[in-house]
Number of protein chains: 2
Amino acid sequence: MKAAERRASILAVAKILFADCGYHGVSVDQIAQRLGVSPAVLYQHFASKEALYEAVLNEIACRRESYVEAALAGDDDFAGVLLRMTRVYVDSVVEDPDYLKIEMQALLEDARLAQQFFDARWKSFTDFIEVSMREQTTGINFSQVNPRIASLMFQGMLREALYAKCIYQAEQYRDLSAQDLVEQLIRLFLNAIEYRQ
Amino acid sequence: MKAAERRASILAVAKILFADCGYHGVSVDQIAQRLGVSPAVLYQHFASKEALYEAVLNEIACRRESYVEAALAGDDDFAGVLLRMTRVYVDSVVEDPDYLKIEMQALLEDARLAQQFFDARWKSFTDFIEVSMREQTTGINFSQVNPRIASLMFQGMLREALYAKCIYQAEQYRDLSAQDLVEQLIRLFLNAIEYRQ
DNA sequence: AACATATAAGTGAACGTTTACTAACATAGT
DNA sequence: ACTATGTTAGTAAACGTTCACTTATATGTT
């Protein structure tokens, strides 16, 4: 197997295992075994276990989602844009929940890394919400509501919904798809900030 | 040191370390060292590292908060009760954020344990919200809103706020106490479910 | 085309360290 | 003297990492 290919395959397997068990929960031998390869191979591509872990995190943090394109893809009222952005995000998580797991692991293990994740994956949302709520040109009056706290609420409910659906698979929401669940939550959120079309 | 006292001291130290680094991130030797005691002592009180970990988790899961007393401690309109219950919870987390960290660790490592935590610490909230929203006798009409999704929203925003304030200490909310932050979130939540006193 | 050479890719065993855990021995209070 | 509470010194296994070595692929020369 070519070097680039091998490197990618190591990253893919490592991502899954790290997401499931955390950094300390996985051994280099386990990763190698899952790859069907000797542990020494890993060290031809990564200097250490820690370097491998950071490479996995980096790959995730750098994969900027196509929120912006989604935001510009239709009409530009606040609710419509928010819904479209969120759909893109939910899709990406449903497709690969490991991202969310590792984000959570990082949040617990290292505050610095957590900030990096936040910047890459949540800032688009919270910025959009805060900016939209602050600008007066829309004609909508959000003055009753603190934009920063509203964006915190949005982030929290979205994250909880995705945890429930994609990570600990709560039975309570079995009969609802992640997209439907989030759509209803967004409706509640618009209520909360007193948004009327 | 008496046995009961020693046992308690082990649990206290283990709780802190497990909360910070997770089960695999802490060694028995580290716990013993922090206690200023030989590792063998731990095995006089706990059969294994895992047994110790479970004892820590169990202590947390079993410590039922005094939500019910708080709920009954004043007038009984929905918002008032919810606010009082939440204050008790926020207080307990602010006082000891390790609880929240370990809950998060458990959620990632073991779905079964996560369910146990949920039952002990969140179910009171979500049940209260769902039941209150469903009963017609209050005269309030929540019919527009799905109670289950509303309770998910509440849980998510509360959890996010507490993470931000108590775990990764986000600078965005530095000038707000956890209680104030949560109070504003609850106001938003009441908006969301269209509650008017 | 045939061979020699160089490099890339992978192996498996071993290294030293750390891990969880245990048995044998010491000391203090009652 | 006896029990409760320790310690010291150890175990075997697992850990991350490195080693000497083999096989496969590509490249250049005749």
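The figures here come from the full heavy-atom set of this structure, side chains too, leaving out hydrogens, waters and symmetry mates. Below, chains carry the letters A, B, ... as their sequence lines are ordered, and counting in each starts from 1. These figures come from a predicted structure and were not determined experimentally.
Under the rule for a ring pair (Phe, Tyr, Trp, His ring centres under 6.0 Å), the partners of A:Phe189 that lie at least two apart in sequence or sit in another chain are A:Phe154.
Proximity of residues 5-33 of chain B to DNA chain C (heavy atom under 4.0 angstrom from any strand atom) is restricted to B:Val26, B:Ser27, B:Val28. DNA chain C lies under 4.0 Å from at least one heavy atom of each of the following residues of residues 36-60 of chain B: B:Ala40, B:Tyr43, B:Ser48, B:Lys49.
With 3.5 Å as the limit, one finds no donor-acceptor pair spanning the side chains of B:Asp180 and B:Tyr173. For the 3.5 Å distance criterion, the side chains of B:Tyr195 and B:Asp77 qualify, holding a donor opposite an acceptor.
Between B:Asp119 and B:Lys123, none of the side-chain N atoms (NZ, or NE/NH1/NH2) sits under 4.0 Å from a carboxylate O, so this pair counts as no salt bridge.
Residue A:Arg34 places its CZ atom among 12 or fewer non-hydrogen atoms of other residues, nucleotides or ligands, all under 6.0 Å distant. Heavy atoms from other residues, nucleotides or ligands lying under 6.0 Å from CD of B:Gln172 number more than 12.
In terms of heavy-atom proximity, B:Lys49 sits nearest to B:Val26 at NZ-O, 2.7 Å.
Straight-line distance from the CG atom of A:Leu35 to the C1' atom of C:dA9: 14 Å, rounded to whole Å.
Ring geometry, B:Tyr23 versus B:Phe18: the interplanar angle falls under 30°, so the pair is classed parallel (tilted spans 30 to 60°).
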